Amino acid sequence: MSPSPDAGRELSWRGMILGALITLVFTASNVYLGLKIGLTFASSIPATVISMVVLRALGRSTILENNMVQTQASAAGTLSCVFAAVPALLLVGYWQSFPFWQTMLISAAGGMTGVLFTIPLRRALVTQSALPYPEGVACAEILRASSPEGDARSVRALATGGILAALMTFCSSGLRLFSDGFGASFSLGSAVFRFQSGYSLALLGTGYLVGIGGGIAMLLGVVVGWGAAVPWLTAITPNSAHLAPTAFATSLWLHKVRFLGAGTIAVAAIWTLFTLLGPVARGLKEALSVTHRASGSPLDQDLPPRVILGLGVLLAAILTVLFVVFLWPVVPHDSGLIVAVVLGIAACSLLGFLVASACGYMAGIIGSSSSPISGISIIAIILICTAMLGLESFHLLPEAFSADQQRIAIAFSLFVLTALTASAAISNDNLQDLKTGQLVGASPWKQEVALLIGCLVGAVVIPPILNILYQAYGFVGALPHPGMDPARALAAPQPALMAAIAQGILLHQLDWEMILIGAGLGVILIVADRLLRFRQLALPPLAVGMGIYLPADVSVTIAIGSAVGWILTRRYPASAPKEDSTGTMIASGFIVGESLMGVALAAISGFSGHTDALAISMLPESVTTLLGALAFLGIIGWFIRRVGQNPT
């Protein structure tokens, strides 16, 4: 039962201070991991647990105050996703360091814009939607279990799942006794086929909460990517680098097939937004309605309309000033400058709302951790650069955008992309937080305040962290600086990809074939989904696109989890995933345990400078793969038996 909106302290000073302190750790960790290996961890669940422990020690804590702390801290930790865009300005040689005010303000303005976008999206995608939001549900279960009213059985189920996932992650990612997945390849002629699956219990739990429809759609994406596209490309593409078949197939998936997935995601995202126009329009009308705010429930009230409009105007003004300051020293002060700035504002508003909607919807399907924000960023940079080419053909942009190998145009597109990435990342995470708030009875407008504070605090932390990492390690592809050790340089894979795409489009060197094929596939999937709905079935096109774009082991593991949930529901109808079922609690525990252990291992890697600091295994790869498989299958068997014995 959800607490009432006046169930004690909610948005408090001590909570905001604690959220800011948690922000420092999570933002630093995520920026470092993102630049080193291209991956980050979702911060909502670790923030929830840390908040719960600290506030309980301080005394008189409430479930709603805990929720506000995790809301603020997770927003700030998520804002670190700007690491995927802003370092690209160093890689293209436009910046030599990260100017504090420009980096801080573009991150804050982009993130806060994402918060404003989530206000109408909350009504369309959370309040009036049946999307599962696996991480939002997991956070709510943690908060409920920690409250005085928490059911002892639910606490035990959550804790058991968490301990198992933490041990599994420690043995695989820490000690390296277990492999974290397996893969098998074979060839038919020159065509290479590969099957992969992971042993992640967090993804297994995510799949259980997602349901069979999303799992099948993602599995279909894997079949399209690895069962059709990769074999076809390996058969027709010369292996000029003489790579091993598996490495060759992986390279083609990374540089070709993922763009097919990005094209599918782009079309599916536009279609998804089109289908949401009605609910989003109603949500926007209600959010800006003074009458609705006065007569509505306290648990359905957003920020006051004047605050929303005033903040929107302020953020637009900040972005305008940032774009002018960015271009002022390098382009003539004429109409071309105005057109470029207007393009940037239009991208942050119109395109920003599109990417926010897509990311929010994807997070609702499979959770924030697995949502392919980099795929949305690819779509965004393609659209920005394509718009620049169109304006340039009519001679509307500054002449400097056409000269010097378009270095200024490339840099400006990446600067705009930074704001869009911040907006997309925040929307991706915030709707999970708002789902958690809905489940525990939080006040939406107070959560929105916490989200805005989180964006501001995270933005203040990001520039110094980026500068420290650049001075300490350097980035692969950036100009070396005195004392830099190239062997320790951070790979910065996402910024390198964004820079390469911007350069490829504006220098007319990008291969559009796979993107256009993916877009065509997206149209076919939309038609198929509409036809299936006449038979009470569904094939979400966006989930299929994610299955193509994400690594196969992620999608397959989620599909396995959804299959486990389907089997349990068929055999034990009372076990169908719902808020307080045993299966939901254990699945949430899987997500919690792996997330917390992931944070701990990330911290150890950061302090030691090595990703394998705890590795002790001397076993051959075949043995660690077998041990991982046995542990994974054993836990699945235990999960099915436990839920079957006590489904509710």
Side-chain angles (χ1 to χ4, degrees), residues 129-138 140-141 151 153-154 156-158 160-161 164-165 168 195 197-223 227 364-367 370 435 439 525 528-529 531-544 546-547 552-592 594 629-648:
S129 170
L131 292 173
Y133 289 100
E135 287 160 6
V137 171
E141 298 302 348
D151 178 50
R153 289 186 305 170
S154 296
R156 285 196 296 270
L158 183 74
T160 303
L164 285 173
M168 184 80 174
F195 175 80
S197 181
Y199 302 147
S200 165
L201 293 184
L203 293 178
L204 181 78
T206 297
Y208 177 84
L209 297 174
V210 162
I212 192 66
I216 289 175
M218 295 191 71
L219 192 60
L220 177 60
V222 175
V223 172
I365 296 175
I366 62 170
S370 302
K435 179 64 176 181
L439 293 174
L525 289 169
D529 180 51
L531 293 175
L532 286 171
R533 287 183 187 274
F534 287 116
R535 300 194 174 194
Q536 306 301 314
L537 300 172
L539 184 68
L542 201 54
V544 179
M546 287 189 286
D553 57 339
V554 172
S555 300
V556 170
T557 311
I558 289 175
I560 292 172
S562 69
V564 169
W566 180 79
I567 292 170
L568 283 168
T569 302
R570 297 273 293 185
R571 292 186 61 183
Y572 311 103
S575 70
K578 51 183 181 292
E579 290 179 15
D580 57 352
S581 69
T582 301
T584 296
M585 294 303 298
I586 295 175
S588 299
F590 287 161
I591 299 172
V592 171
E594 186 166 318
L630 291 174
F632 186 65
L633 293 173
I635 291 173
I636 290 177
W638 168 84
F639 180 52
I640 293 174
R641 187 168 59 254
R642 172 71 182 274
V643 174
Q645 291 172 349
N646 186 18
T648 58

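Computed from a prediction, not measured in an experiment: that's the story for all the values here. Counting begins at 1 with the first residue of the sequence.
The line from CD1 of I635 to OG1 of T160 is 11.5 Å long, rounded to the nearest 0.5 Å. Between W566 atom CH2 and I216 atom CD1 the span is 8.5 Å, to the nearest 0.5 Å. Atom CG of L204 sits about 10.0 Å away from atom CD1 of I558, to the nearest 0.5 Å.
Contact record, S555 with V222: CB-CG2, 3.4 Å, taken as the closest heavy-atom pair. Minimum interatomic distance between A543 and G214 (heavy atoms only, all atoms of both residues): CB-O, 4.3 Å. When all heavy atoms are compared, the tightest approach of G213 to P540 is O-CD, 4.2 Å. Heavy atoms only, all atoms of each residue included: Y133 and K435 are closest at CB-CG, 3.6 Å. Considering all non-hydrogen atoms of both residues, I560 and S197 come closest at CD1-OG, 3.6 Å. Closest heavy-atom contact between F590 and L201: CB-O, 3.2 Å.
Within the 4.5 Å cutoff, the side chain of Y199 has no heavy atoms near those of the D553 side chain.
Listed by chain and number, the residues in a side chain to side chain contact (heavy atoms under 4.5 Å, CB included) with I640 are V564, L568, I636 (sequence neighbours excluded). Residues satisfying the side chain to side chain contact (heavy atoms under 4.5 Å, CB included) test with D529, not counting sequence neighbours, are R533, A538, L539, P541.
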Would you sort out whether R642 and I586 count as a side chain to side chain contact (heavy atoms under 4.5 Å, CB included), showing the intermediate values? CA-CA 9 Å; R642 172 71 182 274; I586 295 175; 3.7 Å; yes
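Between Y208 and F639, the ring planes are perpendicular. Angles over 60° get that label, and only those under 30° would be called parallel.
When atom types are taken as modelled, the side chain of T557 and the backbone of G198 share a donor-acceptor pair closer than 3.5 angstrom.
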